[in-house]
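A quick write-up on the structure given underneath.
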Amino acid sequence: MNKNTKESRQLEHISTTICSSSTDGSELVAREISDLIRSRNADEQHAVLGLATGSTPIGVYRELVRLHKDEGLSFKKVLTFNLDEYHGLEPEHPESYAAFMDRHLFSLIDIPADATVVPDGKVPREDVFAYCKAYEERISEAGGIDIQVLGIGRTGHIGFNEPGSGRDSRTRLVHLDSLTRKDAARDFLGEENVPRYAITMGVGTILDARKIILLAWGDSKSEVFAKAVEEPVSDALPASFLQEHKDVRAFADEAAAAELTRKKSPWLVGPVEWTERTTRRSVAWLSSLLGKPILKLLDEDYSEHGLADLLTERGSAYELNIRVFNEVQHTITGWPGGKPNADDSHRPERSEPHPKRVLALAPDPQDGALGLGGTLHRLVDQGHEVTVAYLTSGNLSVPDGEAQKAVDIMLDLDESDSSEKSAFALQVKADLAGREAFGEDSPAIRKLKGLVRRGEARAAMEICGVYSSQIRFLNLPFYENGRFRSFEPREEDIVLFRELLEQIQPHQIYVTGVLSEPTTVQAVCYSCFQKAFELLRGEGWTKDCRCWSYRSDEREWSVEAIDMAVPLSPDELANKVKGIYQHRSQRSQTPVIGRTSLEAWQQAEAADRRLAETYDHLGLAEYEAIEAFSRCNP
Ligand code: F6R
C-alpha cells in the first residue's frame, strides 16, 4: 500500500453519516433532539437548543413540528438560541431570521415566546459590542447549549463566521462574504438588497455547545463539506474548526457527500466493489492525477496509486485503458436524439424511432438554455419534435426595476386607452409604488413579472431553434403559492405534470434537479415529475422513454456520471450563450467593478469548456465545449 493510501484512511475528522435522503437525515436529527428534550424534561430540566436558519435545517424543523403534533412532543421546557441575524433588519422583516424561525418552527409548536432568542438585528452599531457580550451571558445563564444544529455555507461558514474567523471568536458583528450575499440574493430580490453585516455567534461560542450536529444536503455543498470534514483545520474554512469538538457529528445526503474521499476515490480508503462507474471514475482520476491520457497509463501507475486491486480484477493496464477509453468515447455523440439508420450498439441514444418526441423540462425559466441550449438546437435541426416545458413562472426572481420598465412601456403605448390592459398596467404601477420594502408582490405584480420571464424564455428558445408553438408554460401552483425555501408541492402540481406527459408521450425527457438541495425549485420540480411519471408507469410509451438528467448550475458532471456528451462547435457555444443572455432579468442588477463572481452565461460557458478540456486531457478529441447528460430512472 502506498503512502497516499495509508494517509487517506484517516481522512474524515468529523464522524459522518451518509443518509439515503435529506428527509431520512432530518428525521434522525429531529429524533435525537426530541430524545434530548424528553430526557431533560423527565428530570424537570430545560433542554437548550442552538438553532440555525437557511434551507438546510428546514426538514428537521418540519419533523419536530410533526413530532409535536402527532407524538405530543412539548417544547414548553425548551430554550433556544439562534446562531445569527442580519444586522439592520427588524424581526418583522420577512427575510429576517426571526421571521424565518417563526414561520418554520416557533409559531407551529408550543414553545413560550420568551424562550426563543434570536439576535436582535436592530441593535444600534454603538451598542452591538455590549449586546453581543450579553448574548453570550444569556447562553451561559441558561446552562450552555445542549445541541447546536448547523448548516454550512459555500464559503465554509458556520453561523456567519466567514473565512478568517478565528477559533476563539465570540458573538459579534461581521461583514458578509460576497458569495454568501450572492447565495442570499434570491431571498432579497437582488444582491444589492442583501444586508452587508450580521450578528453571529462566534466559532468559539459554537464550539462551547455540548453536542454539535452539522447538516449538508445537495451537491452544491459537496466540495465545501468534504473540505470541512477532511482538510486540515484552518480559519480559511471556519467549519473545519468543528473537527476539534469532542462530540460533533455530520449528516449528509448522497449528493452532499459525493466529494468525500470514501465516495469520490474510495480505492484510497478501503476495498472497493469495482462497478463500471467506479472503474471509470478511478481511471479518469488517475489520468488527471498524473496528467497522462488514459491510453498512456501503465501498470505501475495503477499499482503505485492504490489501484492494484483494479488491475487484479480487470486485467492489465493495456486492456483496462482501452476498455475505459472506449466507454468514454462512446458517450460522445453529435446526435442526441439518436442517429437514424445507424448502428446504435455503441451510441448513447437509440436510433429508432426517428424523429423522436422530446420533452425538455425547465424548472426555472433559465435552466433550459443553461443546461441544454446547444443540445436543443441539435435536436430541432435533426428533425425531432421538441417541446420545452417551463415549469414555473420564475416571477419570484424578477427585480422590481424590470417590472417597472415593462409597465412603463405598456402605459406609454396606450396612454389614453381605458382598456383592460391599461387597467392592469395601472394596477401594477400602483402596487409597485404602494408596496412596502420587501412586502410580498401583489398578484398583478407577480403576473407581470411572470410575463417578463415568458418573453425572455421565448427569445431564448427562438435562438435555440425552438418555435414558440412548441413551448408550454405550466406555472406550477406550488411556485405561485409559495416562497423560496418553503415550496410545498401538492396534488394539483402532479396533475398538471401528468397531463403534460400524457399529451406528449415523449421518447426522451430532459430533466434537472436530481442532485439539488431539496428546497430548491429544481429539486421540487424533479420530485413532482417523479411522482407524475410513477402514476403513468403502466402506460406503454413510458417503457420506450429515456430520461436524461442535465445540470443547470455552475458545475459540470464528473466523467463517470456522463452517459451522453454532446460536443458544441464554437458557433454553437456562442449561440447557446446568446440564448442564456436573453434572460436579462436574471443578470446581476448592480455590476460591481472587480466582481469575481460570474454571470450565469459565463458560468455555463466555463463549465461546458471545462468538460471539453477534461475529455481532451483523457486523450479524446479536443472540442470547444461539451454539454453532458446522465441517464436517470425517475
Ligand atoms: C444560518 C446560518 C448559515 C447557514 C448557511 C447555509 O443561520 O448560520 O451558516 O447555515 O449559510 O445556508 P443554507 O442552509 O441556506 O444553504
Side-chain angles (χ1 to χ4, degrees), residues 22 25-26 29 49-62 80-87 89 91 95-106 116-119 121 135 145 147-163 165 169 171-188 194-195 197-203 205-207 209 212-225 227-228 237-242 250-253 255-256 483-487 515-523 553:
S22 65
S26 300
V29 173
L49 305 178
L51 300 179
T53 55
S55 305
T56 310
I58 287 179
V60 175
Y61 299 154
R62 192 172 290 151
T80 68
F81 289 92
N82 262 80
L83 281 169
D84 42 17
E85 178 62 283
Y86 291 111
H87 190 247
L89 298 195
E95 295 309 329
S96 76
Y97 284 171
F100 175 99
M101 289 309 300
D102 270 340
R103 210 161 41 237
H104 291 281
L105 187 66
F106 299 154
T116 63
V117 190
V118 181
Y135 200 78
I145 289 172
I147 296 185
Q148 175 66 58
V149 177
L150 296 175
I152 181 170
R154 287 199 299 156
T155 58
H157 70 216
I158 44 174
F160 273 139
N161 293 286
E162 297 288 18
S165 301
S169 53
T171 304
R172 68 203 187 287
L173 186 71
V174 290
H175 185 253
L176 297 177
D177 190 279
S178 60
L179 181 58
T180 298
R181 294 185 63 240
K182 192 172 175 218
D183 283 346
R186 63 177 179 174
D187 301 319
F188 287 86
V194 181
Y197 293 90
I199 292 178
T200 181
M201 284 187 197
V203 176
T205 326
I206 292 170
L207 292 178
I212 297 179
I213 293 178
L214 174 67
L215 308 173
W217 318 129
D219 74 337
S220 67
K221 297 293 174 65
S222 59
E223 274 169 30
V224 76
F225 179 69
K227 285 186 185 160
L237 197 98
S240 66
F241 285 118
L242 298 174
F251 293 82
D253 61 6
R483 54 186 300 143
F484 283 125
R485 300 177 202 265
S486 17
F487 295 122
L515 300 177
S516 303
E517 191 274 318
T519 65
T520 56
V521 172
Q522 288 73 15
D553 52 15

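Worth knowing before you read on, the calculation uses all heavy atoms, side chains too, and leaves out hydrogens, waters and symmetry mates. As the structure is a prediction and not an experimental result, all values here were calculated from the model. Ligands are counted one by one from 1 in listed order, and the atoms in each one are counted from 1 as well.
The two residues Pro163 and Asp177 come nearest to each other via the heavy atoms CD-OD2, 4.4 Å. In terms of heavy-atom proximity, Ile199 sits nearest to Thr171 at CG2-CG2, 4.1 Å. In this structure, His157 and Gly159 approach most closely via the heavy-atom pair CD2-O, 3.3 Å.
In terms of the side-chain contact (heavy atoms from CB on, under 4.5 Å) criterion, residue partners of Ala99 (sequence neighbours excluded) are, by chain and number, Ser96, Arg103. In terms of the salt bridge (charged side-chain N to carboxylate O under 4.0 Å, His left out) criterion, residue partners of Arg485 (sequence neighbours excluded) are, by chain and number, Asp187.
Between Tyr86 and Phe160, a ring centre-to-centre spacing shorter than 6.0 Å is recorded.
Rounded to the nearest 0.5 Å, atoms CG (Asn82) and CZ (Phe100) are 9.0 Å apart. The structure places NZ of Lys221 at 7.5 Å from CD1 of Ile152, a figure rounded to the nearest 0.5 Å.
Nearest protein heavy-atom contact of atom 14 (O) of ligand 1 is Thr56 OG1, 2.4 Å. Looking only at protein heavy atoms, the nearest one to atom 11 (O) of ligand 1 is His157 NE2, 2.6 Å. Scanning the protein heavy atoms around atom 1 (C) of ligand 1, the nearest turns out to be Thr53 OG1, 3.1 Å.
Under a 4.0 Å criterion applied to the non-hydrogen atoms of Ser55, ligand 1 contributes the atoms 13 (P), 14 (O), 15 (O). Heavy-atom proximity to Leu83, at under 4.0 Å, picks out these atoms of ligand 1: 8 (O). Every atom of ligand 1 with a heavy atom of Gly54 under 4.0 Å away is listed here by number and element: 14 (O), 15 (O).
Residue-level proximity to ligand 1 for Arg485 is carried by the side chain, the only part with a heavy atom below 4.0 angstrom.
In this structure, of Pro238, Gly151, Gly159, Gly153, the residue bringing a heavy atom nearest to atom 9 (O) of ligand 1 is Gly159. The option from Ile152, Leu150, Ile58 that lies nearest to atom 6 (C) of ligand 1, judged by heavy atoms, is Ile152. Across the listed options Val224, Asp84, Leu51, Asp84 owns the non-hydrogen atom lying nearest to atom 8 (O) of ligand 1. Across the listed options Glu162, Met101, Lys221, Arg154, Lys221 owns the non-hydrogen atom lying nearest to atom 16 (O) of ligand 1.
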